[in-house]
Amino acid sequence: MNPVLLIAIPLLFAFLSIMNKKFARPLLLVALLLDVYLVFTISKGLYSIGGFSQYGINLLVDQYSLIGLMVVNVVFFLTVVTNCKEVKRLSTVLLVALAGVNGLLLTNDLFNLFVFLEIVGISAYLITSGNKRPLATFNYLVQGTVGSGLYLLGLILLYSMTGTLNMALILPTIVDKAIPLSNLALPFMLMFIGLGVEAKLLPFNSWVKGVLQNANALTSVLIAGVFATTIALTFGRLLSTVFVLGSISNIVLVILAVTMLAGEVAAFASKRIREVLLFSAIAQSGLIILLFANGLVIPAIMLIIANIVSKYILFTITGKMVDGTKTDEIESLQGVFSKNKLVGFAFTVASLSVIGLPLFFGFIVKLNILTSLFSQYQLFLSALILVVSLIEGTYFVKLLIKLWYSVGEVKTFKVDALVKVVTLIFALGLIVFGVYTKPLTDSLMTVPEEMMEAIAERGNF
Amino acid sequence: MIQYASIILIMLGLYGLLTNRNVIKIIISLNVFEIGLNLFIISVGYVDGGLAPILTGNSTSVLSFVDPLPHALVLTSIVIGVGTTALGLAFAKKIYAKYGTYEIDEMGVE
Amino acid sequence: MINILSIVISVLLVILAFLAVSSKTLSKSIVYLSALSMLSVLGFVVMKAPDVAVTEAVIGSGLVTALFVFTLLSSRKVVK
Amino acid sequence: MKKVLSLLVVLALGFGIINSLNQNSSFPKFGEADVSDRVSDRYINKNVTEENEEVIFGEDGYETGSSNFVTSIVANYRSFDTLGEVTVLFISAFGVALLFSKDSKRVSLNFKPNFMLRVGSRALFGLIIMTGIYISVHGHLTPGGGFPGGTMIASSILLLYLSNDSFRTKIKGFKLLEGFMGSLYVLIGVAGIYVTGYFLENFLDTGVVGDLFSAGIIPIVYVIIGLKVGSEIASIIDNFLTEEVS
């Protein structure tokens, strides 16, 4: 099957859905089902749009984008299914967002990436507009627009030097023309900042708090789970196959390290459960980009998968919990899980996996990260990750103890059976993969090679 | 010369974004930023003495044209700019309906 | 000739951008923005980009200004 | 204080960018871009697969028959970007409608339209809408194309708003047009897959460079874009001209 259908079908349905509002939600579900089906049937390769080989726009399907597509589409589908009530007025926006997310993962063209970045960005502004805080969303919009503007500036500088927009051709052209690294520092820095806004990296992430602080389950899972994963994967592809960091790599590392530390410290200090998860998410995305910047593609993808699964569980349950109890102060939520044992179990598994305790998938991921870093002699970074994990462990354990052990009266909340089933399956998945990881590591083995193959073949067929 | 002016325009837009505390003024600064960006993109493809990229009369493609690709990119970016501006203004109207002012400082702590 | 024109345009662009960003009244700011956009059309023409010039003239200068004015119009009503 | 600080930061940043561009040996100076070194060279020669050949006005048999190179890029070589861009405008228009509540009335303008305004705007309405259509249709021959053309069509509707106090566009009709045109664009793309194997491939005869009926699907796509952009912008304007009933 042609992977362009992954983008074309949601778009077609989005255009159809505005003709009659009644059909919007069924169309969304059909499009999601079709996309999930398509993801598992498309075959690898480079697909041209319009038939202009390397001179037009191409879509690249390799192991990397295939894994990303599977994870993102499945989680997107489950998010919509488990939050069916909130979806109603946003159906068209979600259809466009689905197309944008798939486009970001598939595209092999720098400017096309910018267009999809805008599509995803605008749908994100609209998805977060439901939280009745227009100022926060406005802030997000302004920062997102400036970010993508800076990305565009970097892109055009790169184009003027290399004469191409094809991602697979940039690196070979740089080598061919022998462009010195110092000349590339400015465009790459601009593009890094531009994507950093969306990827929640530190000096550029003041939008996150306002937007996600009061978000419901749908919004927070979409923004912190689906969109964050997509942006991280896109960023990862750029960092590993297009960017030559060279002289700016030190600045980049400092930004990322500060992002991680500040995120964890803020999470540690926070008294609201959603803020804790939010700052933890910021720190995690810093870590993911850090791994990509160091060329550790396989651990980064493992972390991304672990992240989206645990983020789905944590944010869904928190969203339902806050809806039911009308509060997100940790103090007043004491002991909620003693009445909702199943949900509490899933939440606990997810948070323990984030910390990286043995028996859970997170442990395998952290172990993998540390061994890779040690083999590169990156002692400073390994120490940083250990410190960060320690802080993370402290506040998550503190949070779990508060949520399990009741003092006095206990608030209750109701959860749909569907949500229970899905979160439990995901939690069990985290345990199963924590014990038996072989299929995943096997399928990840070939990722770095395949990523480089596209460059070696110079975008030809 | 226009290239330098366009970079100054981008910087002025950023300066406006940093200093202005009025929602509408922020969107205006955003527009200044985008105009600067568009001018810069076009300037990258300019060739001294090049023709506008349209084949007319008895001209052929051997003549030197300016680079048409940045023009196509700018067309896209202008339209995207209108989209975000319209959305930003819609949010501004929402903000006004909620707080009764465009000044962020007068809205109080959220 | 083109050289002098481009220098004049550049200087005017910077002046207008500064006025648009730093002017105290909103309506003046909007007018400066519209003028800036119109001037950038001239810049596009000087740089041999007729397609972009037409689009910017219609969309950037016309439509965006109209949207700004409509926003101001509707908010003035609420105050009264 | 904050202003001075921001000014300093911005000045430093701008100086840094200009300085590093000046020292950058690979970045072409203004006016010295080397087009033959870029992908655009292939676009100008209308041939991406084989060696460069001269393109002559008034002859046929080229990859795209559009005499406006920008149009051939927008609607053919990089048509996928354009689809994305139309989607951006679509989702913005939808979002603007989503943000404003359903119960709304028209913003009252502070003047009564007099005779001159009414007659003049009706005369202009026809002129502008014709210019808009002309520009959309001739996008592959002359500067302009779907985006300005569509916006002109939308602005002629704005004129009707100004002249007639009770005028209210039929949003439902615009929604239908918008959705229909968008679907048509995607379907043309999907048709490309089944006719030639590539999404958005130009599967019609490209014709003679410079003819009105040439360039295969480019004029069709551009007219679709024009109508879609027009209806989207008209609905944005309509939403901006309504205010919430409190």
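Per chain, numbering begins at 1; letters A, B, ... match sequence-line order.
- Taking 4.5 Å as the heavy-atom cut-off, the residues of residues 14-29 of chain C that approach chain D are Lys24(C), ordered by number.
- Atom CD1 of Ile30(C) and atom CG of Leu33(C) lie 8.0 Å apart (nearest 0.5 Å).
- Expressed to the nearest 0.5 Å, how far CD1 of Ile218(D) lies from OH of Tyr77(D) amounts to 8.0 Å.
- To the nearest 0.5 Å, atoms CG (Leu5(C)) and CG (Leu42(C)) are separated by 6.0 Å.
- Contact record, Met152(D) with Thr131(D): SD-CG2, 4.0 Å, taken as the closest heavy-atom pair.
- Between the OG1 atom in Thr87(D) and the CD atom in Glu232(D) there is a gap of 8.5 Å [rounded to 0.5 Å].
- In terms of heavy atoms, Leu13(C) sits closest to Ser40(C) at CD2-N, 4.1 Å.
- Distance check: Leu72(C) CG to Phe68(C) CZ gives 9.0 Å after rounding to the nearest 0.5 Å.
- Within residues 47-59 of chain C, the residues having any heavy atom less than 4.5 Å from a heavy atom of chain D are, in residue-number order, Met47(C), Pro50(C), Asp51(C), Val54(C), Thr55(C), Val58(C), Ile59(C).
- Without hydrogens or angle criteria, Asn239(D) side chain to Ser235(D) main chain gives a donor-acceptor distance under 3.5 Å.
- Residue Phe147(D) is tested with Ile135(D), Thr82(D), Leu89(D) for a side chain to side chain contact (heavy atoms under 4.5 Å, CB included); the sole match is Thr82(D).
- Here CD1 of Ile237(D) is found 7.0 Å from CD1 of Ile233(D). Values are rounded to the nearest 0.5 Å.
- Only the side chain of Leu63(C) comes within contact range of chain D, with heavy atoms under 4.5 Å apart.
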